[in-house]
Amino acid sequence: QVELVESGGGLVQPGGSLRLSCAASGRSFSTFSFAMGWFRQTPGSEREFLAGISGPGDKISVADSVKGRFTISGDAAENTVDLQMNNLLPEDTAVYYCAARKSTTWVPLSSEMYNYWGQGTQVTVSS
């Protein structure tokens, strides 16, 4: 079993920054063996892929919609994956989720490809 816990959400003004962190744990989890992704969801919408990183950390994918503003990074020693979000816009308001899939060589882009999910953290961008 794998447990994911997100943190770092909150209220931020437009143009501001937030750093979300996802802490992974579980007997079967190892950073090298799991691809990690960040998604977001607003009411009535599908979960949107934002960024992902492969198990070894050698492959990163970032959605075009946030490229240049969002950056994903992993810390194998801490079993954490962070999402740095800069120049936030009101339309970035959503619940942000961390996800994991056992994989070592590629970055899944679809929510259906991930096996484990965190509980989500709310990000609100408003003045």
Side-chain angles (χ1 to χ4, degrees):
Q1 189 66 17
V2 175
E3 182 179 1
L4 305 175
V5 179
E6 302 100 335
S7 61
L11 174 65
V12 63
Q13 291 188 343
S17 297
L18 278 177
R19 189 175 184 89
L20 305 182
S21 186
C22 174
S25 63
R27 293 182 62 183
S28 61
F29 182 85
S30 69
T31 302
F32 184 82
S33 299
F34 280 78
M36 305 290 292
W38 280 97
F39 291 76
R40 68 186 178 189
Q41 188 172 26
T42 56
S45 299
E46 301 281 330
R47 284 190 183 181
E48 176 191 8
F49 173 82
L50 299 174
I53 185 168
S54 64
D58 59 338
K59 295 182 178 64
I60 288 177
S61 291
V62 180
D64 288 342
S65 60
V66 300
K67 193 169 291 183
R69 298 192 298 124
F70 291 12
T71 303
I72 189 170
S73 61
D75 186 331
E78 298 292 329
N79 281 350
T80 57
V81 175
D82 291 354
L83 185 69
Q84 177 67 41
M85 307 185 296
N86 299 325
N87 191 23
L88 284 162
L89 307 170
E91 48 264 45
D92 293 319
T93 295
V95 178
Y96 284 68
Y97 296 91
C98 173
R101 175 192 167 98
K102 190 169 178 65
S103 167
T104 59
T105 60
W106 57 296
V107 180
L109 304 183
S110 170
S111 61
E112 290 81 7
M113 297 182 183
Y114 286 84
N115 308 110
Y116 303 98
W117 292 87
Q119 81 288 352
T121 184
Q122 176 71 44
V123 172
T124 302
V125 184
S126 175
S127 56

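A quick note: this is a predicted structure, and the numbers were derived from the prediction, not measured.
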Starting at CZ of Arg101, measure out to OG of Ser54 and round the result to the nearest 0.5 Å. 13.5 Å
Hey, could you give me each pair passing disulfide bond (SG atoms under 2.5 Å apart) that has a residue in residues 36-127? Not counting sequence neighbours. Cys22-Cys98
If you compare all heavy atoms of Asp92 against all heavy atoms of Asn87, which two are closest, and at what distance to 0.1 Å? OD2-O, 4.4 Å
Heavy-atom closest pair (Gly74 atom, Ile53 atom, distance to 0.1 Å) is N-CD1, 4.0 Å
Hey, is the main chain of Gln119 close enough, under 3.5 Å, to the side chain of Glu6 for a donor-acceptor pair? yes
Would Ile60 end up clustered with Trp38 when hydrophobic side chains under 4.5 Å apart are linked, directly or stepwise? yes
Looking only at heavy atoms, what is the nearest atom pair of Phe34 and Lys102, with distance? CD2-N, 3.6 Å
Matching residue for Val123 among Leu18, Leu11, Leu83, Val95 - test: side-chain contact (heavy atoms from CB on, under 4.5 Å): Leu18
Which pairs pass salt bridge (Lys or Arg N to Asp or Glu O under 4.0 Å) with one or both residues in residues 46-58, sequence neighbours excluded? Arg40-Glu48
Check for me, please, whether Leu50 and Met113 land in the same ILVMFWY cluster - side-chain distances under 4.5 Å, paths through other members count. no
Considering all heavy atoms, the nearest Tyr114-Ala35 contact: CE2-O, 4.0 Å
All heavy atoms of Asn86 vs all of Ser17, minimum pair found to be OD1-OG, 3.0 Å
Starting from Val2, can I reach Met36 by hopping between I/L/V/M/F/W/Y residues whose side chains sit under 4.5 Å apart? yes
Arg69 and Leu88 have their tightest heavy-atom pair at NH1-CA, 3.8 Å
Taking side-chain contact (heavy atoms from CB on, under 4.5 Å) as the test, write out the residues that go with Thr93, two or more places apart. Gln122, Thr124, Val125
Is there a side chain to side chain contact (heavy atoms under 4.5 Å, CB included) between Val81 and Ile72 once you walk through the steps? CA-CA 7 Å; Val81 175; Ile72 189 170; 3.7 Å; yes
Of Tyr97, Phe70, Trp117, which is the lone residue that meets ring-ring contact (aromatic ring centres under 6.0 Å, His included) with Phe39? Trp117
